**Q** 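Quick one: this structure, given as structure tokens, is what I'll be asking you about.
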Amino acid sequence: MGEFVHEEIPSTELDRLEATYRPLADAVRDLLDATIRTTVPEEQVRAAQAEIEALVARLRAEQLPGPAGVRFNSEARAWNWGNAVVGLRNAVAPPLRIVHESAGHAWAEVELGAPYEGPPGLVHGGVSAMLLDHLMGETASAAFTRVTFTGTLTMTYRRGTPLGPLRLEARIDREEGRKVWVVASIGDADGVTVEAEGVFIVPAWAAGEAARG
Ligand SMILES: CCCCCCCCCCCCCC(=O)SCCNC(=O)CCNC(=O)[C@H](O)C(C)(C)COP(=O)(O)OP(=O)(O)OC[C@H]1O[C@@H](n2cnc3c(N)ncnc32)[C@H](O)[C@@H]1OP(=O)(O)O
């Protein structure tokens, strides 16, 4: 497993870097959608591909040796720019902007488009699970006061989730030792489409206990 890395970048500098990288990821996100939906002639597709390959080479001129990881500074600022759900620099992430209403209750509103399709016009079930898993994990972390990992996640798909505007919500249901039960849902304007319940666990290593077994 990678690590939570302490990196002493001042928060003001992080703000500046985020203002640089956010529009880049937004542009790539737009590119994903355009790649799916374009109907331009084939020669234009090939020309666009060549331009994209040149851009990739330009960005790769200097890069990290591996994934972005999770980093934090001594001002209690944490950043996970590559995260699949909330990563500011990850064009695959919607990204979800999570509001922590209180420790143990969080929600997010998001608009999902063509790159998240499963059945026609509907959100892929795995995407629903991924978004809820992350939201529930952050909720279990009680506003980032502890580290939790998904132990078991149970999804109930009540009806198809349409692509478009959605609301996700999660709450801690109960806790017992290092185990945190979280319940969550996704809904559209007509109500709930997906429900989830999960057990999130503060790993033995994070609780300062020796792992059993
Ligand atoms: C401060 C900074 C905050 C940062 C927050 C960032 C938020 C980011 C949010 C990101 C969100 C993204 C979310 C993600 O994507 S997290 C990524 C997906 N999840 C994983 O990769 C987890 C992989 N598994 C593990 O790491 C370990 O197996 C864990 C940590 C789960 C347990 O290993 P550990 O060695 O610690 O466990 P233990 O053996 O001492 O057992 C302890 C208790 O737990 C019970 N149990 C064990 N396993 C399971 C299970 N699978 N289901 C249900 N229950 C289970 C067990 O019976 C026992 O209960 P009891 O017998 O005591 O009653």
Side-chain angles (χ1 to χ4, degrees), residues 1-11 14 18 21 25 66-110 112 116 118 123-157 161 166-186 194-213:
M1 187 176 81
E3 287 177 40
F4 295 86
V5 177
H6 184 176
E7 189 173 354
E8 209 41 66
I9 301 176
S11 297
L14 288 168
E18 291 191 349
Y21 291 125
V70 181
R71 294 161 194 271
F72 61 95
N73 66 16
S74 54
E75 298 169 63
R77 169 88 166 248
W79 61 104
N80 48 357
W81 289 339
N83 184 279
V85 176
V86 295
L88 178 118
R89 290 178 61 173
N90 187 346
V92 171
L96 218 58
R97 295 205 171 85
I98 296 174
V99 179
H100 287 272
E101 202 64 49
S102 58
H105 175 207
W107 57 270
E109 286 174 347
V110 69
L112 297 182
Y116 304 100
V123 178
H124 195 293
V127 169
S128 297
M130 179 174 76
L131 299 186
L132 282 177
D133 179 35
H134 187 94
L135 175 69
M136 294 165 82
E138 279 204 16
T139 303
S141 80
F144 304 106
T145 55
R146 60 191 174 195
V147 176
T148 62
F149 278 69
T150 319
T152 301
L153 184 63
T154 306
M155 307 292 301
T156 306
Y157 296 88
T161 302
L166 297 167
R167 183 182 168 91
L168 294 82
E169 188 135 16
R171 282 176 196 278
I172 293 180
D173 183 46
R174 65 190 195 280
E175 299 188 26
E176 187 189 299
R178 287 192 279 116
K179 293 185 290 188
V180 185
W181 282 264
V182 178
V183 291
S185 65
I186 301 180
V194 182
E195 288 168 335
E197 55 182 22
V199 186
F200 292 77
I201 297 162
V202 179
W205 58 262
E209 299 174 33
R212 282 185 248 154

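Treat the numbers as computed from the prediction; the structure is a model and nothing was measured. Whatever order the structure lists them in is the order used to number ligands and atoms, beginning at 1.
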**Q** Examine the proximity of ligand 1 to R178 and report which part, side chain or backbone, both or neither, has a heavy atom under 4.0 Å away.
**A**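 It is the side chain that touches ligand 1; the backbone stays farther off.
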
**Q** Please list, in number order, the atoms of ligand 1 under 4.0 Å from a heavy atom of G137.
**A**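 Near G137, the atoms of ligand 1 are 9 (C), 11 (C).
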
**Q** Taking atom 18 (C) of ligand 1 as the point of reference, which of T150, T145, V70, T152 owns the nearest heavy atom?
**A**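 Shortest heavy-atom distance from atom 18 (C) of ligand 1: T150.
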
**Q** Considering only heavy atoms of G151, which atoms of ligand 1 have at least one such atom less than 4.0 Å away?
**A**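 So the answer, numbered in order with elements, is 50 (C), 51 (N), 52 (N).
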
**Q** Strictly below 4.0 Å, N to O, side chains only: are E169 and R167 in salt-bridge contact?
**A**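 A salt bridge is present here (some side-chain N lies under 4.0 Å from a carboxylate O).
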
**Q** Between W81 and E18, does any side-chain donor sit less than 3.5 Å from a side-chain acceptor?
**A**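 Per modelled atom types, W81 and E18 side chains form a pair under 3.5 Å.
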
**Q** Over 60° means perpendicular and under 30° means parallel, so tell me whether F4 and W205 are parallel, tilted or perpendicular.
**A**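 The arrangement is tilted - the two ring planes meet at 30° to 60°.
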
**Q** Between the candidates N80, V86, I201, which shows the shortest non-hydrogen contact distance to atom 49 (C) of ligand 1?
**A**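 Ranked by closest heavy atom to atom 49 (C) of ligand 1, first place is I201.
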
**Q** With respect to atom 45 (C) of ligand 1, which of M136, M130, E176, K179 exhibits the smallest heavy-atom separation?
**A**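 It is K179 that holds the nearest heavy atom.
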
**Q** I want to know if ligand 1 touches D133 in the polar sense, i.e. an N/O pair below 3.5 angstrom.
**A**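 Looking only at distances, the answer is yes, because the N/O contact criterion of under 3.5 Å is met.
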
**Q** Which atom names give the shortest non-hydrogen contact between A93 and Y116, and what distance separates them?
**A**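 Smallest heavy-atom distance, with atoms named: C-OH, 3.5 Å.
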
**Q** Mind jotting down which residue pairs meet the salt bridge (Lys or Arg N to Asp or Glu O under 4.0 Å) criterion with at least one end in residues 139-155? Sequence neighbours excluded, please.
**A**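 Counting only pairs at least two positions apart or across chains, the salt bridge (Lys or Arg N to Asp or Glu O under 4.0 Å) contacts touching residues 139-155 are R146-E175.
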
**Q** For atom 6 (C) of ligand 1, which of W181, F144, F149 has the closest heavy atom?
**A**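 Of the listed residues, F144 has the closest heavy atom.
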
**Q** I need the minimum non-hydrogen distance between E7 and N73, along with the two atoms involved.
**A**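 So the two residues come closest at O-CB, 3.5 Å.
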
